[in-house]
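What follows is a set of notes on a single structure, which appears directly below.
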Amino acid sequence: MPAWAEIQARLTSSRYLGPVTVALATLVLAVNEFGYRSLERLGEQRAVILEARTLSDEVRLLTLMMESAKRGHILTGRAVYLEPYDEMGRRFEPLLEDVLALARRYPEQRANLETLVEAARRKRSEMVEVLQRFQSGNFEGAMELTLTEIGRENMVRINEIADEIRREETAAYLQAGQVRQSVGFWSRAGIAGLVLLCAAAVFAVLRLGRERDVERGRYLAELSAERDKLELQVDTRTRELTDLARHLQRVREDERGRLARELHDELGGLLTAAKLDVARVRKRVEGSGPEVAERIHHLGQTLDAGIALKRRIIEDLRPSSLANLGLQRTLEIQCREFAQRSEIPVQAEIADLKLDAERALAVYRVVQEALTNVSKYARASEVRVRLQRAGDLVRLRVEDNGCGFDPARVQPGSHGLSGMRFRVRSCGGELVLRSAPGLGTTIEATLPMTA
Amino acid sequence: MSPLRVFIVEDSPVIRQNLAGALEEMAPVRVVGFADSAADAQAALCGRPPPCDLAIVDVILREGTGLDVLRALREQASPVTRVVLTNYALPDVRTHCLALGADRVFDKSVDIDALVDYCNELASKTPDAGLG
């Protein structure tokens with residue numbers, strides 16, 4: 001039944017259904033209205049016909065009664081017969097006026113009605129003439145007039161017209177019945193069609209709603225799938241970026257390590273060799289005068305300064321003490337050296353925790369970066385560094401009492417913050433920064449003890 | 001006075017050459033040998049009789065560490081005097097080395113003069129050093 005289904009779908013599709021329904025509703029309305037008008041017109045017509053029939057019957061009756069009274073009077077000569085004749089005669093002319101008035105309102109029967117009035121008047125004038133002749137004693141004249149066909153013809157004429165009007169009235173009644181039936185049929189058919197169409201419309205609307213639901217469901221599903229895909233893509237990209245950043249961090253650490261090793265081995269060797277040479281030269285030039293001795297001494301001092309600088313650079317590049325001394329001692333040394341260098345007292349409270357190399361380095365680098373920030377920006381008079389264990393977590397806190405800043409107004413990438421944060425995150429931890437203008441700065445890193 | 005026999009365990013050729021030259025010039029010592037890895041040093045130093053009076057040992061070597069060398073000499077109860085000359089003269093390293101039988105720990109950068117003085121002192125305390 002695919003063809004039927006398609007036709008049904010097309011018929012019930014919103015594009016056709018609306019106009020068809022409206023057209024049919026209009027048609028039903030028109031049929032009803034037309035039917036109503038027809039019946040109303042038929043009703044009016046029938047009322048007129050009914051009136052015409054009543055009037056024509058009355059004319060006939062009156063005429064017959066007058067004729068009967070006239071005959072009674074003529075046959076008996078008694079005056080008593082004339083009473084009804086006179087009474088009818090008084091009613092006769094107003095009745096004919098009514099008939100004429102009706103004739104003016106009723107063009108279809110005008111001719112008939114006027115003929116009727118004319119026939120009735122002639123009949124009456126005949127009766128008046130006969131009675132005059134009879135009362136004036138001219139019996140023969142009266143009889144002669146009576147025996148002529150004039151009276152009978154007029155009577156027949158009146159009868160014919162009355163019958164015709166009656167026939168027409170019956171025909172109109174039948175016709176009205178037919179029209180009523182036809183109007184009833186078309187109204188019924190139209191209403192039935194309309195109801196069917198309405199049912200179809202309801203069906204179509206429901207169907208449309210269902211289709212829209214299905215469509216909407218599909219759309220939402222697609223949207224959801226698209227979002228999932230995007231999320232997956234973001235996850236993948238984030239993972240890739242994280243991997244890349246971790247890789248770069250490792251490369252950077254490796255590079256720093258290589259540089260530190262080179263500085264240590266090569267530059268360290270050269271400086272030691274120079275120191276040895278200075279010692280040898282000093283011995284050889286003993287007694288050559290204070291100027292030479294002073295230059296030699298100065299050269300030794302310069303070399304020592306160079307050696308100290310090299311050491312600091314190497315420690316910054318790769319804290320060898322982390323591997324040699326462990327985290328606690330390294331941080332204590334770091335804090336002490338910072339205090340000496342920056343002349344800001346550092347209160348260090350470092351627990352002896354056993355962390356793997358990556359975590360130890362992360363803690364070391366966070367402290368390093370935080371202290372660098374303190375010396376660069378904080379204008380602090382005291383720094384506290386605290387490393388402690390809290391269950392399975394390591395908590396590192398570096399706080400100063402310096403000028404602080406508004407974290408919202410600082411670029412996220414500045415002050416090495418993102419670097420610190422990334423380092424801590426890549427160890428599975430979290431870094432929180434708290435600061436406000438005039439209230440110092442606190443950096444707190446929390447990371448798991450083990451991977 | 002016989003010169004003090006010195007064995008240098010050091011992986012940097014520059015330092016090796018300069019150290020040997022400087023010591024021989026400034027103290028009554030004779031450098032009798034070098035090694036740049038822990039294994040070579042142990043092989044050379046653990047022979048009987050010992051090839052030297054004084055071993056100057058660096059901590060970081062081409063392979064292994066000076067600590068391994070110190071440990072081996074202690075296990076052998078070697079009569080050789082051992083000192084450490086290192087760039088890592090941090091307190092911990094120092095303690096560790098002394099615990100492993102090193103007589104002294106010198107910093108390569110700042111204790112050169114002290115090392116020369118030490119050699120002179122040791123040579124004077126060991127009159128027949130050259131006869132072993």
Side-chain angles (χ1 to χ4, degrees), chain A residues 257-258 260-286 293 296-297 299-315 317-334 336-337 352, chain B residues 6 8-29 31 34 36-37 56-63 65-67 84-97 99-100 105-120:
Chain A
R258 197 185 60 75
R261 216 160 33 245
E262 219 149 87
L263 280 173
H264 182 268
D265 292 349
E266 306 298 326
L267 185 61
L270 289 173
L271 287 169
T272 304
K275 284 280 283 185
L276 287 165
D277 277 344
V278 167
R280 286 162 84 171
V281 169
R282 191 195 294 128
K283 189 158 172 86
R284 281 189 195 180
V285 299
E286 262 172 12
I296 296 282
H297 179 66
L299 180 56
Q301 281 184 331
T302 309
L303 280 174
D304 285 346
I307 287 162
L309 177 64
K310 178 211 74 177
R311 280 214 172 136
R312 207 165 67 234
I313 292 172
I314 289 173
E315 278 304 302
L317 284 174
R318 184 196 56 181
S320 63
S321 48
L322 264 184
N324 294 323
L325 303 177
L327 181 61
Q328 186 188 31
R329 297 287 304 285
T330 304
L331 288 182
E332 280 168 359
I333 292 169
Q334 192 184 22
R336 198 167 56 239
E337 284 182 352
D352 188 12
Chain B
V6 173
I8 297 177
V9 184
E10 165 67 62
D11 65 340
S12 160
V14 179
I15 292 179
R16 235 159 36 203
Q17 296 304 329
N18 280 275
L19 183 63
L23 284 180
E24 284 180 349
E25 193 178 311
M26 291 188 284
V29 301
V31 176
F34 300 108
D36 63 357
S37 73
I56 299 176
V57 182
D58 190 7
V59 173
I60 308 295
L61 298 174
R62 189 173 54 77
E63 267 173 45
T65 69
L67 303 177
V84 172
L85 178 66
T86 178
N87 256 322
Y88 294 101
L90 300 157
D92 250 36
V93 178
R94 205 174 276 275
T95 315
H96 208 151
C97 292
L100 284 174
V105 176
F106 297 103
D107 189 292
K108 266 182 190 170
S109 306
V110 298
D111 294 337
I112 293 298
D113 293 338
L115 177 64
V116 173
D117 291 348
Y118 177 85
C119 289
N120 275 316

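None of these values were measured; they are calculated from a predicted model. When reading the values below, keep in mind they use all heavy atoms of this one structure, side chains included, and skip hydrogens, waters and symmetry mates.
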| query | So, are B:R62 and A:D265 salt-bridged, with charged N and O less than 4.0 Å apart? | reply |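 Between A:D265 and B:R62 there is no salt bridge, as every charged N stays at least 4.0 Å from the carboxylate O atoms.
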
| request: Determine, for B:D113 against A:R282, whether the closest basic-nitrogen to carboxylate-oxygen distance falls under 4.0 angstrom. | output: yes

| message | B:H96: which residues meet the ring pair (Phe, Tyr, Trp, His ring centres under 6.0 Å) condition with it, sequence neighbours left out? | response | none

| task | Check whether B:L19 gets within reach of chain A through its side chain, its backbone, both or neither, counting any heavy atom under 4.5 Å. | result |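 For B:L19, heavy atoms of backbone and side chain both lie under 4.5 Å from chain A.
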
| said: Counting only non-hydrogen atoms closer than 4.5 Å, does B:D107 touch chain A with its backbone (N, CA, C, O), its side chain (CB onward), both, or neither? | reply: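 Side chain only.
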
What is the minimum heavy-atom distance between [X] and [Y], and which atoms define it?
X      : Y      : result
A:A273 : B:V14  : CB-CG1, 3.8 Å
B:I112 : A:K275 : CG1-CB, 4.3 Å
B:S12  : A:G269 : OG-CA, 4.5 Å

| request: Report the residues that fulfil salt bridge (Lys or Arg N to Asp or Glu O under 4.0 Å) with A:R284, sequence neighbours left out, ordered by chain and then residue number. | output: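 Once residues adjacent in sequence are excluded, the partners of A:R284 under the salt bridge (Lys or Arg N to Asp or Glu O under 4.0 Å) criterion are B:E25.
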
| query | Quick one: CZ on A:R280 to CD on B:E24, what's the gap to the nearest 0.5 Å? | reply |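 That separation rounds to 9.0 Å.
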
| Which bit of A:I307 comes within less than 4.5 Å of chain B, counting heavy atoms only: side chain, backbone, both or neither? |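 Side chain only.
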
| query | With side chains defined as the heavy atoms from C-beta onward, is the minimum distance between B:N87 and A:R311 less than 4.5 Å? | reply | yes

| message | For B:I15, run the side-chain contact (heavy atoms from CB on, under 4.5 Å) check against A:T272, A:L270, A:L271 and tell me which one passes. | response | A:T272

| said: Test side-chain contact (heavy atoms from CB on, under 4.5 Å) on B:N18 and A:D277; report intermediate values, then the result. | reply: CA-CA 7 Å; B:N18 280 275; A:D277 277 344; 3.6 Å; yes

